[in-house]
Each structure stands twice: as C-alpha cells, then as structure tokens.
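See below for the structure under consideration.
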Amino acid sequence: VSLVNFGMGRMILGRMVGNAGGEILELALRYAWIRAAVAPFCVVDFVAQSFCLTNLDTKTPAIAVVVASLVNLVGDWILSPRYGIQGAAVATAMATVSSCLILLRKVKKTTQEWKDLQYSTEPSNPPSRRNFKTAADNEEPPIQTQVVNGSIEIVERTNNEKPKRKKNLKNKINGASSTKVEDVPFWSLPDRKSLVELLGLAGPIFFVMMAKICCYSAMTVRATSFGIVPLATHSIVSRVFFFFACFGDSLSQATQTFFPQVAKIEKTKLLKRLLLMSTFVGLMISQAGNFILSHLGGYLTKDAAIIQLMAKYSPYISSAILLHPFIMFAEGTVLARRDLKYLVGMYISTMILHFSLVASPLSQTFKGLWQVFFGFQAIRVVQFAGRVIWNTKQDAKENAVSTTAAAVPSS
C-alpha cells in the first residue's frame with residue numbers, strides 16, 4: 001500500500017480530483033504520502049486488535065482508541081494551524097503509531113504469559129530466563145492447573161484444602177494443535193500451510209474492503225464534476241458519515257468476537273440483542289449526524305455556501321448513517337460464520353450496480369449522488385439481513401432435529 005501511494009499516488013489522485021486539479025492535488029498528495037508512511041503500523045494495529053478481541057480483551061483496544069484520539073486531537077491543535085492539512089496528517093500518523101504500540105505491548109505480554117504458564121506446568125523443562133522457582137525451593141505446595149470453561153487456570157492446593165483459583169489467563173485450549181507456545185516467536189513468517197489458510201480467509205475480506213473503498217471513491221470522482229463547492233461539501237459530509245460509521249463498525253467487531261463462541265441454542269438470543277443495539281445506535285447517530293450538518297455546520301467550515309448545502313441535504317446523509325449499524329451487524333454475522341463466498345458474491349453484484357448508478361444521470365447532482373448512496377446502503381441491508389434470517393432458520397431446524405434425535409430412546 002505504501003509503495004503504491006509513493007509510486008502511483010499522483011496518477012491515482014489526479015484521476016480522482018479530475019478538473020479540480022492544481023492545489024487540491026498537491027495537498028491531497030502530501031496528505032496521502034504522510035499516511036502511507038505509517039501504513040505498516042496501521043496493518044499491525046488491526047492484527048493486534050483482532051488478537052485482543054479474540055481473547056475477549058476489550059479493555060486494551062479501548063485504551064488504545066482513547067490514547068490515539070487524544071494524540072490526534074492534541075496533534076491537530078498544535079500542528080494544523082501552522083502546517084494545515086499536512087499537520088493533520090502527521091497528527092493522525094502519530095495516533096496510529098501510538099495505538100499500534102499499545103496493542104503490540106499487550107500481545108507480547110499475553111504471549112509471554114502463555115510461555116510462563118507452559119513452563120510452570122512442565123516439570124521436565126529447565127528454568128527459563130525468568131528463573132522460575134520450584135515448589136521445593138520455597139517449601140510450598142506445587143502449582144497445578146485445571147481446565148474451567150475451556151480456559152487454563154492456575155490453582156494452588158494445600159494438603160487439607162480444596163483447590164483455590166489463583167489466576168485466570170484466559171488462554172483458550174486448542175486440542176487440534178500440537179505446537180508449543182514456546183516454539184512460536186513473537187515475529188515470524190508463516191509456513192506454507194498457514195499462508196494458504198491465511199490467504200483463504202484474508203483474500204475475500206481484502207476484496208470486500210477494496211470493494212467498499214472503490215464504491216466510496218466512485219462517489220468522490222463523480223462529485224469532482226459538480227464544482228468546487230459541491231466537492232468540498234461532499235468531502236465534509238463524507239467525513240461526518242465515516243465518523244459515525246465507527247459506531248456501526250464496533251457492532252461488526254462485537255458480532256465476530258462473541259458469535260462463534262456462543263452455543264447454537266443461544267445464538268438467536270445474541271442476534272436479538274445485537275439487533276436491538278443496532279436499532280438504538282442507528283437512531284442515535286443518525287439524529288446526531290443530522291443535527292451537526294443542519295445546525296453546527298459553522299464548526300466544520302466557514303464557507304456559507306457549503307454550510308447551506310450541508311443543511312439542505314442533511315436528511316439524505318443521516319438516512320445513510322441510520323442504516324450503517326444494521327449493515328455492519330448483519331455483515332459481521334456473515335463473517336463470523338465464515339460465509340465468505342456469499343459475502344464476495346454479494347459485493348461483486350453490489351459494486352457493479354453501484355458503479356452503474358453513480359455513472360448514470362441519477363447521480364448528476366449532489367442530491368442524486370447521496371440518494372444513490374442511500375440505495376447502496378439499503379441494498380446491503382437487504383442482502384445481509386436476508387442471509388442472517390436464512391442461516392437462523394437453518395440453525396433452528398438443526399436444533400429441532402438434534403432435540404428430536406436425543407428424545408428418541410435407543411432400542
């Protein structure tokens with residue numbers, strides 16, 4: 001990604017900016033180069049965040065977000081007045097690096113705890129560099145482990161007492177894997193088998209992300225033909241949309257984290273809760289977005305024409321924001337089920353339809369462009385919600401068959 005930005009950034013941005021060109025192109029290019037410089041940190045940040053969520057650690061990602069937000073705000077306040085958009089890019093880059101380092105520190109700490117636990121439960125292993133002491137050295141009862149709810153827990157036992165839990169490291173046991181934790185380095189390249197498995201999962205998800213970016217970028221390219229004021233308005237309202245989209249994205253991450261770990265009979269309850277949360281979040285953020293664009297436009301720009309245009313068409317933007325949590329919740333469910341063929345197939349068809357509508361006369365005005373985007377959102381809601389409903393019915397049938405089979409007495 002970084003190499004593409006540095007090598008082909010001018011050509012790509014030039015096509016996106018179109019006739020606007022000139023100063024806008026230079027500013028966009030500098031911004032893209034600064035962000036591209038920290039793109040590797042951004043990728044590592046996503047991986048480390050997924051690692052934490054997989055281990056049901058939501059605290060560390062939350063801390064990383066708070067720290068990154070503070071770094072970004074302070075950086076904007078200090079650098080933007082003097083360096084403009086380049087200062088804003090530097091502030092965002094520093095926030096990305098800060099979040100990445102916090103998450104990496106947690107990943108390293110967790111993997112070290114796994115190693116420590118393994119050493120403490122294998123008597124044949126010599127003491128590690130941390131100089132683990134044996135129970136005989138301290139004349140204390142030996143440390144033992146037990147499995148509770150699929151997790152390894154250290155317990156301490158005395159001669160006349162029942163086992164007492166001492167520390168839960170929340171390490172899930174994978175019975176299919178024979179690889180020792182100590183054999184897995186903190187940084188490593190995947191072997192051939194792992195690489196194939198990674199590409200099988202990451203490939204479709206990468207395509208989906210690129211499809212979304214292409215759909216959003218197509219709108220920007222179309223907006224360049226409207227003139228400077230509509231283009232600037234489109235840029236601002238897009239930033240507002242993506243800001244509130246983060247609330248919906250969190251529902252997707254929550255679904256992918258908790259859905260696979262819930263028993264089949266409990267999945268329907270979880271989906272109902274997530275649907276209720278999606279409804280609440282969608283209503284809140286759509287109203288907040290509409291209020292900001294309608295009444296607080298002066299805090300986003302000083303241009304009266306842009307403020308007026310934002311207020312005039314704020315209902316279309318807020319409607320698109322309203323649907324986003326439902327899309328992310330349903331899409332997260334599809335991802336949690338690893339239903340990747342369906343996901344890719346739907347995005348191929350949706351992307352083709354979206355490109356056709358953006359290029360059509362329906363999108364020849366600012367109003368029409370955001371009406372088409374609302375249609376893009378509505379199509380995704382129908383696609384993924386329909387898949388979730390179908391999968392839920394299939395689960396219900398399987399549960400009914402299993403219950404019936406269990407109730408039939410064996411002869």
Side-chain angles (χ1 to χ4, degrees), residues 1-9 12-13 28-55 57-72 75 86 88-111 184-217 239 242-243 245-246 248-257 328 331-332 335-336 338 340 343-344 347:
V1 174
S2 298
L3 292 177
V4 170
N5 271 277
F6 285 118
M8 305 174 62
I12 296 173
L13 290 174
L29 189 61
R30 293 169 189 170
Y31 183 90
W33 282 347
I34 295 172
R35 293 297 306 274
V38 296
F41 288 93
C42 187
V43 175
V44 174
D45 180 271
F46 283 133
V47 174
Q49 184 183 78
S50 299
F51 175 89
C52 293
L53 292 175
T54 301
N55 288 279
D57 176 16
T58 57
K59 181 180 178 180
T60 303
I63 294 174
V65 169
V66 172
V67 172
S69 300
L70 292 175
V71 171
N72 204 351
Q86 296 180 68
V90 171
T92 304
M94 292 191 301
T96 300
V97 174
S98 301
S99 174
C100 178
L101 294 178
I102 291 173
L103 293 169
L104 275 181
R105 182 177 179 274
K106 179 61 177 180
V107 171
K108 189 171 184 179
K109 180 181 178 182
T110 301
T111 53
V184 181
F186 183 68
W187 296 101
S188 65
L189 293 175
D191 56 29
R192 183 177 180 180
K193 181 180 178 182
S194 300
L195 181 61
V196 171
E197 293 178 354
L198 175 63
L199 293 177
L201 176 62
I205 295 177
F206 174 78
F207 172 82
V208 168
M209 294 179 67
M210 291 303 298
K212 294 179 183 179
I213 292 173
C214 289
C215 290
Y216 297 140
S217 299
R239 292 300 97 198
F242 288 123
F243 172 79
C246 294
D249 295 342
S250 64
L251 289 170
S252 176
Q253 293 182 346
T255 304
Q256 294 178 59
T257 300
M328 291 295 98
E331 184 181 295
L335 282 169
R338 297 296 186 262
L340 300 180
L343 189 70
V344 171
Y347 265 103

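Below, all heavy atoms of this structure are taken into account, side chains as well, without hydrogens, waters or symmetry copies. Nothing here was measured: the structure is a model prediction, and the numbers come from that model. Sequence positions, counted from 1, serve as the residue numbers for this chain.
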Among residues at least two apart in sequence or on other chains, which ones pass ring pair (Phe, Tyr, Trp, His ring centres under 6.0 Å) with Phe51?
Trp114

Between atom CE of Met210 and atom CD1 of Ile205, what is the distance when rounded to the nearest 0.5 Å?
14.5 Å

Give, for atom CD of Gln253 and atom OG1 of Thr255, the distance between the pair rounded to the nearest 0.5 Å.
10.0 Å

Once you round to the nearest 0.5 Å, how far does OG of Ser98 lie from CG of Leu103?
11.0 Å

Might you work through the side-chain contact (heavy atoms from CB on, under 4.5 Å) test for Tyr347 and Met209, ending with a clear yes or no?
CA-CA 10 Å; Tyr347 265 103; Met209 294 179 67; over 6 Å; no

Looking only at heavy atoms, which two atoms of Cys100 and Val44 are closest? And how far apart?
SG-CG1, 3.8 Å

What are the two closest non-hydrogen atoms of Thr96 and Val38, and how far apart are they?
CG2-O, 4.3 Å

Is Arg192 salt-bridged to Glu197, going by a charged N under 4.0 Å from an acidic O?
no

Between the CD atom in Gln49 and the CG atom in Asp45, the distance rounded to the nearest 0.5 Å is 6.0 Å

Per the side-chain contact (heavy atoms from CB on, under 4.5 Å) rule, which among Ile34, Val71, Asn72 passes with Thr92?
Asn72

How close do Ala36 and Pro40 get, counting heavy atoms only, and between which atoms?
O-CD, 4.0 Å

So CE of Met328 and CG of Leu251: to nearest 0.5 Å the spacing works out to 9.5 Å

Any donor and acceptor pair, going by atom type alone, linking the side chain of Asp57 with main-chain N or O of Cys52 inside 3.5 Å?
no

Got a sec: does the CZ of Phe41 have more than 12 other heavy atoms crowding it under 6.0 Å?
no

Ser99 side-chain N/O to Ala95 backbone N/O, donor-acceptor pair under 3.5 Å:
no

I'd like to know whether CZ of Phe46 has more than 12 heavy-atom contacts from other residues, nucleotides or ligands below 6.0 angstrom.
no

Hey, are the side chains of Leu335 and Leu340 touching, using non-hydrogen atoms and a 4.5 Å cut-off?
yes

